[in-house]
Amino acid sequence: MSLLQVKEVTHSYGSRSIFNWKDRSKKVLSDISLSIEEGTCLGLLGRSGAGKSTLGKVILGLERPQNGQILFQGHDIYTADNHTRKKIRRDLQVVFQDSYSSVNPRMTAERIIAEPLENYEKLTVAEQKRTIIELLERVGLSEEDLKKYPHEYSGGQLQRINIARAISLKPKLIVLDECVSSLDMVTQTLILELLRELKEDFGLSYFFITHDIKSAYTISDTLGVLEKGELVELYGSKNQFFTSEHPVVKEMRGSILSEHPRYRSVRTREKHPKSV
Ligand SMILES: Nc1ncnc2c1ncn2[C@@H]1O[C@H](COP(=O)(O)OP(=O)(O)OP(=O)(O)O)[C@@H](O)[C@H]1O
Ligand SMILES: [Mg+2]
């Protein structure tokens with residue numbers, strides 16, 4: 001059984017207009033089906049507005065889809081009993097793009113990481129502190145970081161705090177929504193490396209949402225391409241992305257600039273003959 005199954009999910013956001021007496025709402029997700037196996041990372045590539053974050057929210061139980069099901073370990077997350085839903089909430093965590101708005105600016109790193117532990121674990125004060133220090137060290141920070149506030153961190157360091165919080169309850173699946181997109185290239189690489197290590201060490205699974213082909217390729221095992229709410233391609237192996245003949249994928253591939261201007265696509269020169 002797959003860890004997570006998305007079955008024929010369709011969703012649109014309702015219009016709040018009082019003149020909208022007919023259902024004119026736009027479909028944001030159309031008939032999406034995919035699955036994530038335990039210990040693997042499914043990357044979801046798509047342009048801005050494709051519906052990636054909406055699918056992430058649907059999977060996290062934050063946006064109930066109009067049609068279809070989300071099965072986590074075989075349980076429908078929207079109809080499961082309270083006990084099962086509480087367990088699913090613990091096993092399903094998230095890291096968003098904007099590390100600063102994901103945390104309370106008035107909380108220290110210790111308080112930020114303590115929150116989920118206090119909600120789910122019954123640890124003594126000393127046990128909790130030891131657990132938080134271990135988590136900080138696991139993500140490349142140290143005990144000295146316990147008392148620091150979000151504004152005292154760089155974006156990359158704060159994303160490490162968000163990752164520590166996400167793994168604090170040893171979840172099964174983490175939704176990573178553009179979690180490295182606002183970081184510089186070197187920091188992106190370091191965070192992706194950390195995520196890859198944590199995946200191995202804790203047997204984690206990821207749903208890695210991004211518009212960036214390079215980061216998707218670096219971390220994913222399987223890969224899907226979302227375009228205007230439709231899953232246009234789903235590959236069992238990420239390498240298939242590079243041989244796909246689907247026009248949307250070809251266009252995405254064409255947008256990757258070569259490292260050196262001399263080798264950049266001829267199409268770019270054809271479109272702008274006076275440039276280069
Ligand atoms: N809460 C909302 N209410 C109404 N429409 C929304 C809401 N959230 C998203 N949308 C719309 O749904 C569509 C898909 O948005 P979504 O945020 O899922 O895209 P995305 O692929 O994550 O884009 P990006 O790469 O820019 O983050 C967009 O047209 C967006 O305007
Ligand atoms: Mg998004």
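Atoms within each ligand, like the ligands themselves, are counted from 1 in listed order.
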Using a 4.5 Å cut-off on heavy atoms from C-beta on, say whether the side chain of [Y] contacts that of [X].
X    : Y    : value
Q73  : D91  : yes
Q69  : E8   : no
S220 : Y206 : no

Carboxylate-amine/guanidinium proximity below 4.0 Å for [X] and [Y]:
X    : Y    : value
R111 : E118 : yes
R160 : D145 : no
E127 : K122 : no

Checklist entry - Quick one: does K26 get within less than 4.0 Å of ligand 1, heavy atoms only? => result yes
Checklist entry - Applying a strict 4.0 Å limit to heavy atoms, is G46 in contact with ligand 1? => result no
Item to check | Atoms of the protein (N/O/S only) found under 2.8 Å from the Mg ion (ligand 2) | outcome: S53 OG
Next on the checklist: Is the contact between V28 and ligand 1 made by the side chain, the backbone, both, or neither, using heavy atoms and a 4.0 Å cut-off?
Outcome noted: side chain
Next on the checklist: Heavy atoms only, cut-off 4.0 Å: how does R47 contact ligand 1, side chain, backbone, both, or neither?
Outcome noted: backbone
Next on the checklist: Can you tell me how the ring of Y149 sits relative to the ring of H151, calling it parallel under 30°, perpendicular over 60° and tilted otherwise?
Outcome noted: parallel
Checklist entry - Any N or O of A50 that comes nearer than 3.5 Å to an N or O of ligand 1? => result yes
Item to check | Geometric N/O contact T54 with ligand 1, under 3.5 angstrom | outcome: yes
Next on the checklist: Test question: given the 4.5 Å side-chain rule for I, L, V, M, F, W and Y, name all other residues clustered with L190, or answer none.
Outcome noted: V186
Item to check | Minimum heavy-atom distance F208-C41, with the two atoms named | outcome: CB-SG, 3.7 Å
